[in-house]
Amino acid sequence: MALLCIGTLVAANTSSADRLSDITEIKTLYANWKLAVEESDIDAYLSNLHDEIRLRPPAGSPVTGITNYRRFLGPVFASATYLIEVDRAPSITIFGDMAVAEYDYTIIRNTLQNALVKLDSGAITSSVSPSSYVDILRKRENGAWAVFLHTWRAQPPK
């Protein structure tokens with residue numbers, strides 16, 4: 001009986017340690033994703049996404065799959081640079097190999113001069129966009145976390 005109790009405690013501590021490790025990994029993913037946006041680095045941006053990513057912009061057409069997401073991002077980064085103000089850091093809830101991240105960012109968009117590109121519906125076009133985001137993350141086969149579904153809703157300006 002004592003061995004069973006000790007085994008249960010060890011399993012609980014391991015699970016807690018794994019959860020903390022997962023949360024740290026996900027927070028690092030968001031820090032890297034923010035940096036990729038601010039550096040207009042499409043490859044770094046996409047490295048945080050699951051191959052089966054689903055983008056669901058509130059005012060645009062859905063984008064499904066990493067190839068289509070890359071196509072969507074090309075004009076986005078060719079038309080402007082971006083700064084992200086973190087209004088509320090990601091709050092992460094883990095459910096096995098899935099997680100939910102909820103956070104608030106203000107995106108500051110600086111249009112590039114002479115940028116003659118057509119943005120797809122759903123791309124951010126305002127110079128200041130405060131929004132609340134909800135993402136679903138999923139572990140890849142290699143165990144790394146990746147954003148599987150990305151969506152948001154606009155907040156009133158500050």
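In this text the structure is predicted, and so the values were computed from the model without any measurement. Heavy atoms only: backbone and side chains are in, while hydrogens, waters and symmetry mates are out.
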May I ask you to check whether Gln155 and Ser131 show a side-chain donor-acceptor distance below 3.5 Å?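 No, no side-chain donor-acceptor pair sits under 3.5 Å.
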Hey, are Ser79 and Arg109 close enough side-chain-wise for a donor-acceptor pair under 3.5 Å?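 Yes.
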Indicate every side-chain donor-acceptor pair of residues 88-101 with a distance under 3.5 Å to a residue at least two apart or in another chain.
| residue | atom | partner | partner atom | Å |
| --- | --- | --- | --- | --- |
| Arg88 | NE | Asp104 | OD2 | 3.3 |

Which value, rounded to the nearest 0.5 Å, describes the distance between [X] atom [atom1] and [Y] atom [atom2]?
X      : Y      : atom1 : atom2 : value
Phe77  : Glu39  : CZ    : CD    : 10.0 Å
Ser132 : Tyr105 : OG    : OH    : 12.0 Å
Ser129 : Ile84  : OG    : CD1   : 11.0 Å
Leu149 : Thr151 : CG    : OG1   : 6.5 Å
Ile26  : Leu137 : CD1   : CG    : 5.0 Å
Leu49  : Asp135 : CG    : CG    : 9.0 Å

Counterpart residues, ring-ring contact (aromatic ring centres under 6.0 Å, His included), relative to [X] (two or more places apart):
X      : answer
Phe72  : none
His150 : Trp33, Tyr133, Trp152
Tyr69  : Tyr45

Between Leu73 and Leu46, does the side-chain contact (heavy atoms from CB on, under 4.5 Å) criterion hold? Intermediate values first, please. CA-CA 9 Å; Leu73 281 180; Leu46 294 174; 4.0 Å; yes
Would you say [Y] ends up clustered with [X] if hydrophobic residues are merged whenever their side chains have heavy atoms under 4.5 Å apart, either directly or through other cluster members?
X      : Y      : result
Trp145 : Val134 : no
Leu29  : Ile136 : no
Leu83  : Tyr103 : no
Val63  : Ile66  : yes

Closest heavy-atom pair and its distance - Ala80, Ser40: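 Looking at all heavy atoms of both residues, the closest pair is O-OG, 4.1 Å.
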Which pair of heavy atoms, one from Asn68 and one from Thr64, lies closest together, and at what distance?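 Looking at all heavy atoms of both residues, the closest pair is ND2-O, 2.8 Å.
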Listed once per pair and sorted, the salt bridge (Lys or Arg N to Asp or Glu O under 4.0 Å) pairs that draw on residues 54-65, sequence neighbours left out: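 Counting only pairs at least two positions apart or across chains, no salt bridge (Lys or Arg N to Asp or Glu O under 4.0 Å) contact touches residues 54-65.
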Write out all pairs satisfying salt bridge (Lys or Arg N to Asp or Glu O under 4.0 Å) with one or both partners inside residues 41-53, taking only residues at least two apart or from two chains.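 Qualifying pairs, neighbours excluded: Asp43-Arg70, Glu52-Arg138.
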Worked check of side-chain hydrogen bond (donor to acceptor under 3.5 Å, both in side chains) between Tyr30 and Asn48: CA-CA 8 Å; Tyr30 279 97; Asn48 297 290; over 6 Å; no
Holding to side-chain hydrogen bond (donor to acceptor under 3.5 Å, both in side chains), I want the full list of residues that pass it with [X], two or more places apart in sequence or in another chain.
X      : value
Thr67  : none
Glu38  : Lys34
Arg140 : none

Please name all residues satisfying side-chain contact (heavy atoms from CB on, under 4.5 Å) with Ala31, sequence neighbours left out, ordered by chain then number.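 With neighbours one apart ignored, the set is empty.
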Set out, in order, the CA-CA distance, both residues' side-chain angles and the distance that settles side-chain contact (heavy atoms from CB on, under 4.5 Å) for Val147 and His50, then state yes or no. CA-CA 6 Å; Val147 176; His50 195 278; over 6 Å; no
Under 3.5 Å donor-acceptor, [X] side chain and [Y] backbone:
X      : Y      : result
Asp87  : Thr106 : yes
Tyr82  : Val76  : yes
Asn142 : Ala144 : yes

